[in-house]
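Here is the structure we will look at.
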Amino acid sequence: MSRFAEPQDPVFREMNTSLGFDRRLWRQDIRGSRAHARMLAARGIIGEDDLAAILRGFEQIEGELERGEFPFEPDDEDIHMAVERRLTALVGDPGARLHTARSRNDQVATDVALWVGEATERAVTAIETLMGALIDVAQAHRDWPMPAYTHLQRAQPVYLAHHLLAYVWMLERDRARFRFAGEQALRRMPLGAGALAGVNFDTDRTMTAAELGFGEPAPNSIDAVSNRDFVLDYLSAAATCATHLSRLGQEIVQWASEEFGFLTLPDAWSSGSSLMPQKKNPDCAELLRAKAPRIVGHLQALHGVIHALPLTYNKDLQEDKEHLFDAADTIEQALAAAAGMISGATFRADRMAAAAADELLAATDLADALVQRGVPFRQCHAIVGGLVREAVESGRTLSQLSDEELTARSEHLGPWIRELLEPLSLLERKQSQGGTASARVTEQLTLARALLA
Ligand code: ARG
């Protein structure tokens, strides 16, 4: 007998069932259930013989799930019910005692938290692999000049290593965000909160928390079953990280174009065109660009799910999982792809050096040199702006302007500017902390490596 006289409508059943995606939680579910069973036995809520039967049952179920031989049934609504049903089928009454002093509400929150804890570890490892790849490529191109851009207009020359290391610092912040999400997930354990109010048994939640690696039992049973903030934290970390990778992807797309010509992608990370035989397309970099909004969408969707949701558990919360799982799969793949692609890229020193040799990139340095000769900066800016216009309009470079043209602009200008216009001298004068001069980049490489120590 049960509460229901009629079977579920097939459309509702299809909508309500989460087994299709939450079967990914089976390891966490079994882990949580083993800890729960041990605690129940330790408190005398179930017998030692019940515990032995339950653990024996889980041994077999684990093997079945591992081998893909678990006999799922059409009535299994979610992974939690499927595992419990199978356990009871295998070991009888002891299996039916497992759900004492527990609800699926605290159970699912616990399983998802454990899953997030593991996913953040995988993300941190993948981030560190990419950081390592970027550092190696930076090291190998320590003194390769290239232009850096603002507004995608050539601005000032930098070393390629300096540019690549910018991504390492972004990723270091991403790593901190993932670690934070992991800490939040494992800080307070929902298990033992019951449906929402606590349970009618003298449980030991400190024992289960210790076994499962949580900091402490959640002190409020209502918050425990309602909380999915750790999923928001994970998605938020993933969204920001993916957004960083989209910037890297976009730069690689640009650099791989013949217009820039700064790098050639390895064949293993490129695709051809079905029509144009000459094409080698940076599809991987383009996909890095496009994966970001997908993950941001998952974050936004879960904010929407939780928005204005009354306490405590509501079935809406079942909608956390597909967003979480897809975001995790996507960010792990994107991080691995970025590492593979950047490690295999061949940079083109000639093309980058030619672009960096553009003398207009020395305009700021020229203005600064006038400042050192006592001219107020705003006047220097105007003087050099005029010089640039004269050169551009007459189709010449700055060093091709005659001495007379120079002194006509300012008595402080003279032939000395031609030496200053050398790209390497521009680079090496950026000696300030965090600047692009080689000594500073070498220093930075050491700092970056230390992040991975
Ligand atoms: N499949 C559900 C979820 O993912 C499990 C919890 C169901 N609890 C309930 N009271 N219906 O959220």
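None of these values were measured; they are calculated from a predicted model. When a ligand or atom number is given, it counts from 1 through the structure's own listing order.
Within the structure, ligand 1 has K321 among the residues with a heavy atom less than 4.0 angstrom away.
You'll find the ring centres of F180 and F178 outside the 6.0 Å limit.
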TODO: Let me see the working for Q184 and D229 under side chain to side chain donor-acceptor pair (under 3.5 Å), right down to the final yes or no.
DONE: CA-CA 8 Å; Q184 288 298 313; D229 291 0; over 6 Å; no

- [ ] Apply side-chain contact (heavy atoms from CB on, under 4.5 Å) to the pair D326 and R294, showing each step before the final yes or no.
- [x] CA-CA 9 Å; D326 186 74; R294 169 173 168 162; 2.6 Å; yes

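Taking every heavy atom of D78 and a limit of under 4.0 angstrom, the matching atoms of ligand 1 come to 1 (N), 2 (C), 5 (C). Within ligand 1, counting atoms from 1 as listed, the ones closer than 4.0 Å to a heavy atom of N105 are 8 (N), 9 (C), 10 (N). Close approach of ligand 1 to S18 is summarised as follows: ligand atoms under 4.0 Å from at least one heavy atom of the residue are 1 (N).
Distances between N or O atoms of H80 and those of ligand 1 include no value under 3.5 Å. Taking only nitrogen or oxygen atoms, main chain and side chain alike, R228 does not reach within less than 3.5 Å of ligand 1.
A pairwise comparison of heavy atoms in L186 and A113 identifies CD2-O, 3.9 Å as the closest pair. Pairing each heavy atom of A285 with each of I252, the nearest pair is CB-CG2, 3.7 Å.
Taking atom 1 (N) of ligand 1 as the reference point, the nearest protein heavy-atom neighbour is Q318 OE1, 2.7 Å. Nearest protein heavy-atom neighbour of atom 11 (N) of ligand 1: R104 NH2, 3.6 Å. With respect to atom 12 (O) of ligand 1, the closest heavy atom belonging to the protein is Y313 OH, 2.5 Å.
Paired with E62 under the rule salt bridge (Lys or Arg N to Asp or Glu O under 4.0 Å), one option of R27, R86, R34 passes, and it is R34.
Of the possible donor and acceptor atoms, one in the side chain of T436 sits under 3.5 Å from a partner among the backbone N and O of Y159.
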